[in-house]
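To start, the structure itself, in C-alpha cells.
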Amino acid sequence: MKSNFYHINTFMGMDKSYEESNLIVFGVGFDGTTSNRPGARFASSSMRKEFYGLETYSPFLDLDLEDYNICDYGDLEISVGDTEQVLKEIYDETASIVEDLKVPFMIGGEHLVTLAAFKAVYEKYNDVYVIHFDAHTDLREEYNNNKNSHATVIKRVWDIVGDDKIFQFGIRSGTREEFKFAIEQKHTYMEVGGINTFEKIINKLNGKNVYLTVDLDVLDASVFPGTGTPEPGGINYREFQDIFKIIKKSNINIVGCDIVELSPDYDTTGVSTVIACKVLRELCLIISSKFR
Ligand code: MN
Ligand code: MN
C-alpha cells in the first residue's frame, strides 16, 4: 500500500537507504569557533523544512533527484562544546562513508567541520585537490588563540596537502599575510573576488579527485545575508549557476563535498535558506550524475 505520509525531516528526493546510495548527505550542527555571529548549527534542520518548497527536478541541469540513489543520513550527534571531540566524530563518520566507497556530502555548521571530513577523504584517496568557494581566505595560522577555527580551516587543509592543491575562488576578505601566502608565495591558487578563472582551473583538474568546499558567504551579502560573516562584493546566484554548469560538464571526480556557514536565523525572510537548499540540490544532482 502506498503511504500517504511523508517525513519532513528527510530531504525530499534523498530518502534511499544508506546501503543502496552512492551519495550520503549528513548535517553537522556545529558552530563552536564562530568568531562573529553564531547560528550555523541550525542550518541543516532549517534546510530540511525549506527543501519541500523546491522541486526534485532541475531544469537548468535537466537532472532529477528521483533518478538517483541519495541518502539523507540525518544529523550527526556531536559533543557540543568540545571542538576536538566534534572533529573526531566527523572524521570517524566520514571515514566510514568513504570506506564504503560512497561520497560524503556534509552540511555545516561552520567551516571548521571541513577539516575533519577532508582529512578522512584525503586518507582514503591521497591525491585530492581542493576547490574552495568563500568570501574569506580562511588561511590564518591561528585565530583567537585557536589553531582550529573556521578562520584557519583552509590553512589546516594546506598543512595536509601542501602546495599546488588548493584552488580558492571569490575571496575578498582576510589579512595581508593571508593574501601574501596565497598570491605572492603561491601556496594556494586564489582568485580575488571572482570566479572568472574557474573554468580554466577545472579543465586543468581533468580526471583528478576533488574535494569541493562551499562556504556560502562567497555569495554577495545582499544575496545571502543569512550567514555569520556576510561580505559585500560577492558573486550572485546566476554566476554560481554557471559554476554548476562548468562542474557538470567537467571530468573531475568529486570524492567529497560540503556546504557550510548558512546561519538561517539572520535572514528572517528565509531566502538564504532557500538558496542553500538549491545549492545542495544542484550539487547533489551533479555529483550523482557522474556515478553513471
Ligand atoms: Mn570559510
Ligand atoms: Mn567565509
Side-chain angles (χ1 to χ4, degrees), residues 28-44 83 86-87 90 105-119 130-144 146-161 165-175 177-179 181-182 187-195 211-237 239-240 243 256-264 266-267 272-273 275-276 279-280 283:
V28 178
F30 176 73
D31 57 15
T33 79
T34 300
S35 44
N36 190 15
R37 313 190 299 179
R41 68 178 64 183
F42 302 118
S44 58
T83 300
V86 171
L87 290 175
I90 298 168
F105 192 131
M106 178 172 58
I107 300 167
E110 55 143 280
H111 211 159
L112 179 61
V113 297
T114 298
L115 174 60
F118 175 75
K119 192 161 173 263
V130 179
I131 295 176
H132 170 220
F133 291 100
D134 207 320
H136 308 95
T137 47
D138 290 355
L139 289 169
R140 278 176 154 90
E141 183 52 33
E142 57 167 54
Y143 194 63
N144 294 341
N146 257 325
K147 280 195 82 130
N148 288 338
S149 153
H150 73 150
T152 68
V153 61
I154 300 300
K155 186 66 174 294
R156 294 292 83 79
V157 169
W158 178 84
D159 289 342
I160 298 171
V161 296
K165 294 281 180 163
I166 300 174
F167 299 84
Q168 305 180 272
F169 297 92
I171 312 295
R172 56 195 183 275
S173 178
T175 65
E177 288 68 35
E178 288 176 277
F179 281 96
F181 179 85
H187 293 298
T188 72
Y189 172 86
M190 181 187 286
E191 181 175 335
V192 177
I195 53 165
Y211 187 98
L212 176 62
T213 180
V214 178
D215 183 331
L216 290 160
D217 67 27
V218 69
L219 290 158
D220 189 73
S222 63
V223 177
F224 196 86
T227 190
T229 346
E231 286 287 344
I235 61 172
N236 61 38
Y237 188 79
E239 291 174 275
F240 220 34
I243 299 257
C257 184
D258 62 55
I259 57 179
V260 297
E261 298 283 357
L262 166 66
S263 200
Y266 292 112
D267 180 357
S272 298
T273 304
I275 292 172
V279 172
L280 171 68
L283 288 175

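We count ligands from 1, going down the list as the structure has it; atoms in each ligand are counted the same way. All values derive from a computational prediction rather than experimental measurement.
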Looking from the Mn ion (ligand 2), what is the angle between ND1 on His136 and OD1 on Asp134, to the nearest 10°? 100°
Look at Asp217 and state whether any of its N, O or S atoms is less than 2.8 Å from the Mn ion (ligand 2). yes
Angular separation of Asp138 OD2 and His111 ND1 about the Mn ion (ligand 1), given to 10°: 90°
Tell me whether the Mn ion (ligand 2) has Glu261 as a neighbour, meaning an N, O or S atom of it below 2.8 Å. no
So Met106 and Ile90, do their side chains get closer than 4.5 Å, heavy atoms only? yes
Taking both backbone and side chain into account, is any N, O or S atom of Asp215 nearer than 2.8 Å to the Mn ion (ligand 1)? yes
Classify the ring geometry between Phe240 and Phe133 as parallel (under 30°), tilted (30 to 60°) or perpendicular (over 60°). perpendicular
Is the NZ or CZ atom of Lys155 both under 6.0 Å from the centre of the six-membered ring of Phe181 and within 45° of that ring's axis? yes
Does Arg156 come within less than 4.0 Å of Glu141, counting only side-chain N to carboxylate O? yes
How are the rings of Phe118 and Tyr211 set relative to one another: parallel (under 30°), tilted (30 to 60°) or perpendicular (over 60°)? perpendicular
